[in-house]
Amino acid sequence: GNAISGLVVTDNDITARQRGVFLSAVSGATVARNRITLTGGASGTITYAGIFHFNSNGVTPFNVTIDRNTVDVSANAASW
């Protein structure tokens with residue numbers, strides 16, 4: 001399959017309900033020095049994750065570097 005390679009997500013303030021950075025069909029990425037805040041939302045089958053690598057669309061090998069990110073899940077955590 002085809003996949004994105006060379007994706008760079010760095011030095012961002014990210015606010016999201018369930019997933020701060022969602023990597024799908026990604027075979028090469030760097031996710032570094034981001035501040036990710038999850039605010040919550042409807043519970044159920046949704047996966048809550050600051051950084052979520054779903055797949056590389058069958059591309060091998062794949063390399064995803066995740067370094068020095070902070071993830072805050074405290075906002076509305078009781079409602080999840």
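We number each residue from 1, following the sequence as shown. Worth knowing before you read on, the calculation uses all heavy atoms, side chains too, and leaves out hydrogens, waters and symmetry mates. Since the structure is predicted, the reported quantities are computational estimates derived from the model, not experimental observations.
Atom OG of Ser27 sits about 10.0 Å away from atom CG of Leu7, to the nearest 0.5 Å. Asn12 CG to Arg35 CZ: the interatomic distance, rounded to the nearest 0.5 Å, is 8.0 Å. Summarising the geometry, atom CG belonging to Asn69 is positioned 9.5 Å from atom CG belonging to Asp11; distances are rounded to the nearest 0.5 Å.
The residue from Ile51, Thr70, Val73, Asp72 that alone fulfils the side chain to side chain contact (heavy atoms under 4.5 Å, CB included) condition with Ile36 is Ile51.
Applying the side chain to side chain donor-acceptor pair (under 3.5 Å) rule to Asn57 yields no partners; only residues at least two apart in sequence or on another chain are considered. The side chain to side chain contact (heavy atoms under 4.5 Å, CB included) check on Phe54 picks up Phe22, Ser24, Phe52, with sequence neighbours excluded.
You'll find the side chain of Val9 reaches within 4.5 Å of the side chain of Asn34, heavy atoms only. Val21 places a side-chain heavy atom less than 4.5 Å from the side chain of Leu23. Residues Asn2 and Val59 have side chains not in contact (no heavy-atom distance under 4.5 Å, counting atoms from C-beta outward).
Considering every non-hydrogen atom in both Ser56 and Phe62, the closest pair reads OG-CD2, 3.4 Å. Nearest heavy atoms, Arg17 versus Leu38: O-CB, 4.2 Å.
Using modelled atom types, one side-chain atom of His53 and one backbone atom of Val26 make a donor-acceptor pair closer than 3.5 Å.
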